[in-house]
Amino acid sequence: MRISELSRRTGVRPHQLRYYESQGLLEPDRNLNGYREYGDSAVVTVNQIKNLLAAGLSSQDIAYLQPCASGEDPEFEYCGELVDALEARLSTLQSRIDGLVRSRDALQDYIDKAGVARKRRTTG
DNA sequence: CTTCTGACA
DNA sequence: TGTCAGGA
């Protein structure tokens, strides 16, 4: 299939597919006119890439882990190294969440105290 | 008409 | 990421 059909079947825009390719995530054949020619397996591959990007992995990580995640079912054929990468990502996300929660709590605390001080000024 | 490359914000 | 130019 050509790029527009792959785009239609994956919901990923053609220029994004070319970008994936520039990052080493896809390597389609070329037909005589220079158009990219994708096999059916590209649909699965692109869906895997979508999932991993959504999980916050870098395209470098994805390129490295691609042979690792090339099972038929993109949801369940992960190998150990991919699980490690996902867990590492989860860990850094949790750290950021913790930091944000602390900031939020501190800010809320500050607002509460400032609110009381303002009320004292305006009322008495 | 479809796709390609490269450039730009 | 999204858009445009200029060719094939």
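Letters go in sequence order (proteins before strands), and every chain restarts at 1.
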Within this structure, what is the [atom1]-to-[atom2] distance between [X] and [N], rounded to whole angstrom?
X        : N      : atom1 : atom2 : value
Met1(A)  : dT2(B) : CE    : C1'   : 16 Å
His15(A) : dG2(C) : NE2   : C1'   : 5 Å
Gln16(A) : dT3(C) : CD    : C1'   : 13 Å
Glu37(A) : dT3(B) : CD    : P     : 11 Å
Arg2(A)  : dC1(B) : CZ    : P     : 14 Å
Tyr20(A) : dC4(B) : OH    : P     : 16 Å
Glu21(A) : dC4(B) : CD    : P     : 8 Å
Ile3(A)  : dT5(B) : CD1   : C1'   : 12 Å

Is there a side-chain polar atom (N or O) of [X] under 4.0 Å from OP1 or OP2 of [N]?
X        : N      : answer
Arg36(A) : dC4(B) : yes
Arg18(A) : dC4(B) : yes
Arg13(A) : dT3(B) : no

Quiz item: Do Glu81(A) and Tyr64(A) have a side chain donor and acceptor closer than 3.5 Å?
Solution: yes

Quick check against the 3.5 Å criterion: does [X] have a side-chain atom that pairs as donor or acceptor with the backbone of [Y]?
X        : Y        : answer
Glu37(A) : Met1(A)  : yes
Lys50(A) : Val12(A) : no
Thr10(A) : Leu6(A)  : yes

Quiz item: For the base of dT2(B), is there a side-chain donor-acceptor partner from Tyr35(A) under 3.5 Å away?
Solution: yes

Exercise. Measure from the side-chain heavy atoms of Tyr19(A) and tell me the nearest of dT2(B), dT1(C), dT5(B).
Key: dT1(C)

Quiz item: What does dC1(B) pair with, Watson-Crick or G-U, if both distances are under 3.5 Å?
Solution: none

Quiz item: Is a salt bridge present between Arg30(A) and Glu21(A), judged by a nitrogen-to-oxygen distance below 4.0 Å?
Solution: yes

